Amino acid sequence: MKKKYGLLLAMIVALFMLVVPMSTQHAQAATDDSLEKIQKKGVLVMGTSPDYPPYEFQATVNGKSTVVGMDVKIGKKVAKDLGVKLKIKSMSFDSLLVALQTGKVDMIISGMNPTPARRKNVDFTHTYYQGGYDIVINKTDTAKYKNKDSFSGGTLGAQTGTTQYNAAKKQTKNTSVKGMTSQSDLILALQSHKLDGVAMEKPSAEAYVSNNKQLAMIPSDFNMSSSATSSAIAFRKGSTSLVNKVNVTVDQIKKDKLVKKDYLPAAGKYLKTNTVNTSMGHYWKAFLTGIEYTLIITVCSVFFGFIIGIILALARMAKGGVLKTALRWLATAYVEFIRGTPMMVQVMFVYFGLGLFVNLPALTSGIIAISLNSGAYVAEYIRGGINSVDDGQTEAARSLGMSNGKTMRYVVLPQALKNIWPSLGNEFITLIKDSSIVSIIGVTELIYQSNIVRSDTYRGVAPIVVIMVLYFILTFTASRILNYFERKMQHD
Ligand code: ARG
């Protein structure tokens, strides 16, 4: 028994020793052909968290939800000056730095402050904008709150991974500081009085307040260095040639005062027109895309998960020589490891971790991670199903002269499948719901779409209700269809 766990542990440790050094090597290997590489590739991928108007936010442009804002304008100018195309990748603010380091994006423009801590891991251009911090509150509370010190005994919210979150934590007393990944969620929490205030950069505070009559803003009076109040573009560490080149653009933008004269007013216009139609029906296209991706992920993952499951189940049941024992150990270790770690972590591992070696798109990564995960569970169902087939069946088949493989394929597996059909059906339904986890790596499935609609319309509850109903319709239909086949199988 002890030996068994020892082996399992050794395998897990070996896996980590393999992966961790490789990932650091990757960071160091970044020699400076950064500029050349981008120009050869012809596209510059900009990572951003579009929940921070006027820096970046979602707006419906020509009927399509699009990322707009002053940072997008800056990104476009940077790409143009480099002679390449700009591609925007949206993700939560706290994923941006990892995404840059693992090559998922080429640069970050997201109102990011070039703080000394961040400078240790990435390179920044010159700053393009000076912000400063305010706190957004409910208008009804204007008399109650003056600055950061008024929140004693109350709750202050800030986006996780941001400078303002750290400041709120360090520079307030007796205040509970709550972090959320999305700025739009923070505003919704404020409006439903789960929070008393939300700290953010002044332009963003102004944008939210001018768009929402129930909100007001007060100064934060955070004590901050200038590197924590200005914004710059981040590139991977060691990209000196690229940073130098982009600095020319940034200096030009500053010299011509483009942000004030052009980029901010343009963003303001989008903010005004954006909230004209916030009915859920208006966003049917977004929800439809969400359903489409949810189904693609689920169907693919169930299919590959089933194949992986069969292989694993057979491996786990292998008996005999050294090779078969090793196979059995490996399959057992795999199943235990997958069942012992959260699917969310597995999704991030495939996307960011394996992404170091092969650049997998988010959708592919999501399908791989969920198939690998589902395979471990399905293997257990199949193993149970195979065990439930009477030994007499195998013996009869063998005595008729069928080979081991044929017996499995034509006699045992078909009967096993009938037994495990309900469990497989359950797995399918579970995956419809659990596939929502891939929204964290930016796969545009239902949850992701509802987040977009939420930040697009500034409406909190309606999109949640819509996707709840949609998920139910999906799972209910699926379970009806599965039941139908189950009944059919029982008949013959
Ligand atoms: N200025 C802050 C920081 O660098 C927050 C920026 C948040 N940006 C966003 N797109 N949500 O930490």
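Computed over heavy atoms, backbone and side chain alike; hydrogens, waters and symmetry mates excluded. The first residue of the sequence shown is numbered 1, and numbering continues consecutively from there. Bear in mind that the values here come from a model prediction, so they are computed numbers and not experimental data.
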Show your reasoning for whether side-chain contact (heavy atoms from CB on, under 4.5 Å) applies to Val198 and Gln183. CA-CA 9 Å; Val198 181; Gln183 184 79 19; 4.1 Å; yes
Verdict with reasoning, Thr229 to Gln130, per side-chain hydrogen bond (donor to acceptor under 3.5 Å, both in side chains): CA-CA 6 Å; Thr229 50; Gln130 184 79 34; 2.7 Å; yes
On a heavy-atom basis, which atom in [X] and which in [Y] lie closest, and how many Å separate them?
{"X": "Thr160", "Y": "Phe93", "answer": "O-CD2, 4.1 Å"}
{"X": "Leu271", "Y": "Pro53", "answer": "CD2-CB, 3.9 Å"}
{"X": "Lys73", "Y": "Ala266", "answer": "CE-CB, 3.9 Å"}
{"X": "Ile367", "Y": "Cys300", "answer": "CG2-CB, 3.8 Å"}
{"X": "Thr181", "Y": "Asp51", "answer": "O-OD2, 4.0 Å"}
{"X": "Ala189", "Y": "Met180", "answer": "CB-CE, 3.7 Å"}

Within a reach of under 6.0 Å around [atom1] of [X], are more than 12 heavy atoms found that belong to other residues, nucleotides or ligands?
{"X": "Lys89", "atom1": "NZ", "value": "yes"}
{"X": "Lys146", "atom1": "NZ", "value": "yes"}
{"X": "Lys254", "atom1": "NZ", "value": "yes"}
{"X": "Tyr293", "atom1": "OH", "value": "no"}

Name of the residue among Arg454, Lys194, Lys178 meeting salt bridge (charged side-chain N to carboxylate O under 4.0 Å, His left out) with Asp185: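 Among Arg454, Lys194, Lys178, the one that satisfies the salt bridge (charged side-chain N to carboxylate O under 4.0 Å, His left out) with Asp185 is Arg454.
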Contacts table for residues 354-365: side-chain donor-acceptor under 3.5 angstrom, sequence neighbours left out:
from: Asn359; atom 1: OD1; to: Lys104; atom 2: NZ; distance (Å): 3.3
from: Ser365; atom 1: OG; to: Pro361; atom 2: O; distance (Å): 2.9

Considering the options [options], which one meets the side-chain contact (heavy atoms from CB on, under 4.5 Å) requirement together with [X]?
{"X": "Tyr448", "options": "Leu446, Asn451, Ile452", "result": "Ile452"}
{"X": "Met46", "options": "Asp71, Val67, Ile74, Ile108", "result": "Asp71"}
{"X": "Ile135", "options": "Leu156, Asp221, Asn147", "result": "Leu156"}

What is the distance from atom [atom1] of [X] to atom [atom2] of [Y], rounded to the nearest 0.5 Å?
{"X": "Asn211", "Y": "Glu206", "atom1": "CG", "atom2": "CD", "result": "12.5 Å"}
{"X": "Thr125", "Y": "Ile109", "atom1": "OG1", "atom2": "CD1", "result": "8.0 Å"}
{"X": "Leu186", "Y": "Tyr165", "atom1": "CG", "atom2": "OH", "result": "11.0 Å"}

Side chain to side chain donor-acceptor pair (under 3.5 Å) contacts touching residues 110-124 (sequence neighbours left out):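 Every side chain to side chain donor-acceptor pair (under 3.5 Å) pair that includes a residue of residues 110-124, provided the two are not neighbours, is Thr48-Ser110, Asn113-Tyr133, Asn113-Thr163, Asn113-Glu201, Asp123-Lys237.
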Do [X] and [Y] pair up side chain to side chain, a donor and an acceptor below 3.5 Å, judged on atom types alone?
{"X": "Gln346", "Y": "Thr341", "answer": "yes"}
{"X": "Ser95", "Y": "Ser92", "answer": "yes"}
{"X": "Gln252", "Y": "Asp81", "answer": "no"}
{"X": "Ser374", "Y": "Glu427", "answer": "yes"}

Determine all donor-acceptor pairs shorter than 3.5 Å in which one atom belongs to a side chain in residues 474-482; sequence neighbours excluded.
from: Thr475; atom 1: OG1; to: Tyr471; atom 2: O; distance (Å): 3.1
from: Thr475; atom 1: OG1; to: Phe472; atom 2: O; distance (Å): 3.1
from: Thr477; atom 1: OG1; to: Ile473; atom 2: O; distance (Å): 2.4
from: Ser479; atom 1: OG; to: Phe476; atom 2: O; distance (Å): 3.3

Using a strict 4.0 Å threshold on nitrogen-to-oxygen distance, state whether Lys41 and Asp106 make a salt bridge.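 Judged by the 4.0 Å cut-off on N to carboxylate O distance, Lys41 and Asp106 do form a salt bridge.
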Please lay out, stage by stage, how Val122 and Leu97 fare under the test side-chain contact (heavy atoms from CB on, under 4.5 Å). CA-CA 8 Å; Val122 294; Leu97 286 170; 3.9 Å; yes
Worked check of side-chain hydrogen bond (donor to acceptor under 3.5 Å, both in side chains) between Ser34 and Ser241: CA-CA 6 Å; Ser34 48; Ser241 58; 3.1 Å; yes
